[in-house]
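The model shown is predicted, which means the values in this text are computed figures rather than measured ones.
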Amino acid sequence: MSQIPDHAPAYVSVVNEFPQDLYEAMTGFIAAHPQWDQYRLMQSALAGFLFQQGCQERAVAQHYLNGLFRRESNVGTTPR
């Protein structure tokens, strides 16, 4: 029997297919805003959606606020 870890991994990989127009909008936004990358954009979008839909998880609110107010010195570091 496989063992179940005591905690979830820090990051998980998610595969998703986007409509072409959303993908083009995302790549255009990232090209125009070099402080953003695809990871920050998707994390911010997901956290923002969950937060606005009433999610009460503290971690979701923290990701939402971090996405809005991320400092420039964090650019180029491992995505969170």
Next on the checklist: Take a 6.0 Å sphere around CZ of F29 and say whether it holds more than 12 heavy atoms from other residues, nucleotides or ligands.
Outcome noted: yes
Checklist outcome for this item: Heavy-atom closest pair (M26 atom, L41 atom, distance to 0.1 Å) is CG-CD2, 3.1 Å
Next on the checklist: Applying the side-chain contact (heavy atoms from CB on, under 4.5 Å) criterion to S44, which one of Y39, W36, Y64 satisfies it?
Outcome noted: W36
Checklist entry - In Å, rounded to the nearest 0.5 Å, how long is the span from CG of L22 to OG1 of T27? => result 10.5 Å
Next on the checklist: For a quick test of reading the model, state the closest non-hydrogen atom pair linking R40 to Q35 and the distance between them.
Outcome noted: NH1-O, 3.2 Å
Item to check | Q53 atom CD, over 12 foreign heavy atoms within 6.0 Å | outcome: yes
Checklist entry - To the nearest 0.5 Å, how far apart are CD in E24 and CZ in F18? => result 13.0 Å
Checklist entry - Between A61 and F51, what is the shortest heavy-atom contact and its length? => result CB-CE1, 3.8 Å
Checklist outcome for this item: Between L50 and V60 the two heavy atoms that sit nearest each other are CB-CG1, 3.8 Å
